[in-house]
Amino acid sequence: MLNLNMNRLGEEIHRLRKHYKMSQKDLAKGICSQAAISKIESGECFPSIDTIYLISIKLRVEVTYFISLLIQERNGYVATTIDMIEKLSSDKKYDEIFEITKFERLNNLKQYGYQYEQFISWYYHLSSYYLDLVSYVEVIKNLQQLLSTKNLLDQDNYQDLKIQNSIAAIYAENTDYTNSYSYYKSILSNTIHIDSFQKFRIKVMYNLSKVYTLDEKYNEALIIIDKAIESCLKLESFYILGQLYYQKGVCQEKTNFDLYEISSNYNKAIFIFELTNQKSYVQHIQEKKENYLKIHAEN
């Protein structure tokens, strides 16, 4: 699966060679050995750019044609694998993530670029931690080693910040709130003017509010929740808006807010979860916050 890009190139070289009624020996002459052509066509080896250029001349195509095949296959493979791992992560299927990333790390990831290599290592370390294969101290050390500030220079790539989000979450899970706060606040200090980052920033604010809640700093949690809700409304997005209203109600319970206002936030959360077909969240609120929902219904 990893060599799809090489296979595609090899298949096309084979097709063109047959089209021009050339033998592998004919194509190889003046370029490389016949054995090398055989391996290229079968996807067993990756030719140098010089070799691709000379082959393109003999097969009467632009070298950019062969390069475009490589890029298209590579980008398709990378995008598919990233989507699959992110879906597995949202479902907390860390055993499957571990097997996929372990396999990927056995291969030459550099051909797919630094970002993909970093992504695979990120999820390899994360899955190792959630499968109890490494300690939280060790996984944080491994994740910190992946960070590279040069990524932040690219407005379209803020993967370092996502890794920092993972580090902050792991610190919080292990009750090291001080370090968790530090990472979350560091992420929020960045400004990247693209919509995907704005959504990620909302998620970070939500995560930070949960740490404040765990640390019983409910007023601080409410401040950051209100900022996150405001950001959602500006983006006209339902992205974790239901979770934010629910979290707001939880914090208000701890700070003796007006019962009707608490009930109102839980009902807003239910409305959004129903609208976005998140039935498990609706059920959770109906079961856990039944008394508050009644207050709103009675008014």
Side-chain angles (χ1 to χ4, degrees), residues 1-89 93-128 131 133 142-143 145-146 148 150-151 154 156-157 159-160 163:
M1 185 161 66
L2 183 63
N3 294 326
L4 274 174
N5 58 336
M6 293 191 290
N7 289 338
R8 182 70 183 90
L9 174 66
E11 289 169 0
E12 188 61 6
I13 289 174
H14 175 80
R15 186 189 71 80
L16 289 168
R17 178 174 63 78
K18 289 293 186 180
H19 175 76
Y20 289 115
K21 297 180 172 55
M22 296 172 63
S23 67
Q24 288 184 340
K25 183 177 180 180
D26 293 333
L27 180 57
K29 188 175 181 180
I31 300 176
C32 56
S33 67
Q34 180 180 341
I37 293 294
S38 177
K39 288 183 177 180
I40 291 169
E41 289 188 351
S42 63
E44 293 179 44
C45 76
F46 194 84
S48 69
I49 190 64
D50 291 338
T51 300
I52 293 175
Y53 174 69
L54 293 172
I55 290 174
S56 72
I57 292 174
K58 281 202 171 184
L59 295 179
R60 306 170 197 176
V61 296
E62 295 289 337
V63 67
T64 52
Y65 171 66
F66 285 145
I67 293 173
S68 69
L69 289 178
L70 292 172
I71 292 174
Q72 288 169 11
E73 290 292 338
R74 179 173 61 201
N75 288 348
Y77 176 77
V78 167
T80 300
T81 307
I82 288 174
D83 286 346
M84 177 171 56
I85 290 174
E86 289 180 339
K87 176 63 168 62
L88 290 171
S89 180
K93 294 182 178 179
Y94 298 113
D95 53 341
E96 295 183 44
I97 293 173
F98 179 76
E99 291 302 322
I100 293 169
T101 55
K102 182 175 71 172
F103 171 78
E104 289 288 84
R105 281 162 59 88
L106 294 175
N107 295 281
N108 177 24
L109 293 179
K110 294 189 184 302
Q111 65 175 306
Y112 294 109
Y114 172 76
Q115 292 177 27
Y116 183 67
E117 183 179 12
Q118 185 193 45
F119 178 88
I120 291 298
S121 295
W122 168 24
Y123 275 94
Y124 172 77
H125 294 311
L126 268 189
S127 59
S128 298
L131 293 174
L133 300 177
N142 291 335
L143 292 176
Q145 289 175 344
L146 293 178
S148 170
K150 68 181 181 181
N151 274 358
D154 183 353
D156 294 325
N157 175 44
Q159 191 161 270
D160 272 21
I163 295 173

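The closest side-chain heavy-atom distance from Arg17 to His14 is below 4.5 Å. In this structure the side chain of Leu126 never reaches within 4.5 angstrom of the side chain of Thr101, judged on heavy atoms. Between Ile55 and Ile37, some side-chain heavy-atom pair lies under the 4.5 Å cut-off. Between Leu133 and Phe98, the closest side-chain pair of non-hydrogen atoms falls below 4.5 Å. Looking at heavy atoms from C-beta onward, Ile40 lies in side-chain contact with Ile13 at the 4.5 angstrom threshold. A heavy-atom distance below 4.5 Å is found between the side chains of Lys29 and Lys58.
Residues Ile31 and Thr51 approach most closely at CG2-CG2, 3.9 Å, considering heavy atoms. For the residue pair Ile85 and Tyr123, the shortest heavy atom distance occurs at CG2-CG, 3.6 Å.
A donor-acceptor pair under 3.5 Å is absent between the side-chain atoms of Ser38 and the main chain of Gln34, judged by distance alone. Side-chain atoms of Gln118 come within 3.5 Å of backbone atoms of Leu146 as a donor-acceptor pair (strictly under, hydrogens ignored). With Gln159 contributing its side chain and Gln115 its backbone, the two residues share a donor-acceptor pair below 3.5 Å. Listed for the Ser89 side chain is no donor-acceptor partner under 3.5 Å among the backbone atoms of Glu86.
To the nearest 0.5 Å, atoms CD1 (Ile163) and CH2 (Trp122) are separated by 6.0 Å. Separating the CD1 atom in Ile97 from the OH atom in Tyr124 is a distance of 13.5 Å, to the nearest 0.5 Å. Summarising the geometry, atom CG belonging to Leu27 is positioned 4.5 Å from atom CE belonging to Met22; distances are rounded to the nearest 0.5 Å.
In this structure, Glu62 places its CD atom where only 12 or fewer heavy-atom neighbours from other residues, nucleotides or ligands lie under 6.0 Å away.
At a cut-off of 3.5 Å, with distance as the only test, a side-chain donor of Ser23 or Asp26 sits close to an acceptor on the other residue.
Phe119 and Tyr116 have parallel rings, their planes meeting at less than 30° on a 0 to 90° scale where 60° marks the start of perpendicular.
Put simply, the residue from Glu12, Lys18, Glu11 that forms a side chain to side chain contact (heavy atoms under 4.5 Å, CB included) with Arg15 is Glu12.
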